[in-house]
Protein chains: 2
Amino acid sequence: MPKNTFFNLPEDKREKILDSAIDEFAKYSYHKASINRIVKKSGIAKGSFYQYFEDKKDLYKYIIDISTQKKLKYLTYVMNNLNRLNFFQIVRELYLAGIKFAKDNPKLSEIANNFVRDTDSNLKDEILESGIKKSNNLFKQLLTQGIDNGDIDPNIDIDLVAYVITSLSISISEYFIKEVKGEDEMEIMAFVDKMLYIIENGIKNKNKGN
Amino acid sequence: MPKNTFFNLPEDKREKILDSAIDEFAKYSYHKASINRIVKKSGIAKGSFYQYFEDKKDLYKYIIDISTQKKLKYLTYVMNNLNRLNFFQIVRELYLAGIKFAKDNPKLSEIANNFVRDTDSNLKDEILESGIKKSNNLFKQLLTQGIDNGDIDPNIDIDLVAYVITSLSISISEYFIKEVKGEDEMEIMAFVDKMLYIIENGIKNKNKGN
DNA sequence: ATATAATATGACTACAAAGTCACATGACCT
DNA sequence: AGGTCATGTGACTTTGTAGTCATATTATAT
């Protein structure tokens, strides 16, 4: 966590520092990102930076935190309706929220994705305790429920499917940002529905009349 | 490409340098990897390194190349039977080959995966010209054929599915190495078939009798 | 106005990186 | 043996990094 001095700063200055840092971490990986560039961009002295933050990791942690908090806000609807929605509806809402978050916060989203994909497990472990495994477990739970309800094919491998759905959630928001760039809500929903159609039904032609 | 001096080296020395470099790049990302560590591990002088390679990038390119060439060898069966196999059979063979490659060459596979996932697009562009887009295009072609044959549901979004199948190919080999660690051929095949079952049929329960 | 505490500063340290270069060693030919 | 050319070497340069610290500035309280 940043020091008190950082939170005592006037808002515009605090924002400028954060924006510069977010720019930097969106452009460069954690290790390549440079405090020197960040302080130059923010127009503060190097020494001041260390009045605000313990070290580089402290700042990075804080930004990952901001990203997580913001994304969670997009997910509240899903979280509040876990009982009322079935598995496919939940996945649909999660994907939708994920894309909306990425569209509204492209840099934060990129930082978070890079973080998840990063292979430096030491850094990861220090920053969050098995956060990904948590979301994986959520899917596993939902899948088990779905099988009990009869919604989901009992033949599937739950662990595998949970893993697939988790990694797809990153892929599809990246794909959407890169390739679709849809503007309105309808387009996003149409895209998510296409994705979900595949997860639900697969891609085999069931009407094949050979 | 390494300089001639490198290829003139006695094989054991050449191998030792390559092994050290592969170790290093498997452990660290391109930017974090250190030439100093590599030369120390290989037992050669720093100056010698630059007799063998133009620079760090030259070595990295070469290793990516080795990895690609080796993986391609695993894929020859698929490539030679593109006409005889249908879409699902091809994907099955591709996934199988991918996992086998990862199992036999865990470090090279990790380096290649990190490379694909890396966000440094400058570096990427310098090293290969749209190699991923190429494999993506292969899938797109196969999907179009599959739809024409009636194998594949014509309602799918080809670009999206091609993207998904490509990114899944990385995910599943990583998942297999991390979570399954199956020893024999049968286990790998069973795992791939489970994956393929999902892609073909989705995960919805079609026999639901609500 | 004066004293005290909080904040701002950039030159500085210590370190590690990639890449260079003058020179040393060794092989091979005449 | 002498000469030539390829290869080996590690101290060195340059550049960039994270983090420090003595000092200057500013705000606050008395």
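Atom set for the values below is all heavy atoms of this structure, side chains included, hydrogens, waters and symmetry mates excluded. Letters go in sequence order (proteins before strands), and every chain restarts at 1. Everything numeric in this text was worked out from a predicted model, so none of it was measured.
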For atom [atom1] of [X] and atom [atom2] of [N], their distance in whole Å:
X: Asp55(A); N: dA14(C); atom1: CG; atom2: C1'; answer: 17 Å
X: Gln51(B); N: dG10(D); atom1: CD; atom2: C1'; answer: 13 Å
X: Lys56(A); N: dA16(C); atom1: NZ; atom2: P; answer: 15 Å
X: Ile35(A); N: dC12(C); atom1: CD1; atom2: P; answer: 22 Å

Next on the checklist: Strictly below 4.0 Å: does Asn8(B) bring a side-chain N or O up to OP1 or OP2 of dA6(D)?
Outcome noted: no
Next on the checklist: Using 30° and 60° as the class boundaries, would you call the ring planes of Phe139(A) and Phe87(A) parallel, tilted or perpendicular?
Outcome noted: perpendicular
Counting any heavy atom closer than 4.0 Å, what does [X] reach on the DNA or RNA strands: base, sugar-phosphate only, or nothing?
X: Phe6(A); answer: nothing
X: Lys32(A); answer: nothing
X: Phe53(A); answer: nothing

Checklist entry - Picking from dA17(C), dT9(C), dT20(D), which would you name as closest to the side chain of Ser48(A)? => result dT9(C)
Next on the checklist: When you compare the side chain of Leu123(A) with that of Lys57(A), does any pair of heavy atoms fall below 4.5 Å?
Outcome noted: yes
Item to check | Aromatic contact, Phe115(A) with Phe25(A) (centres under 6.0 Å) | outcome: no
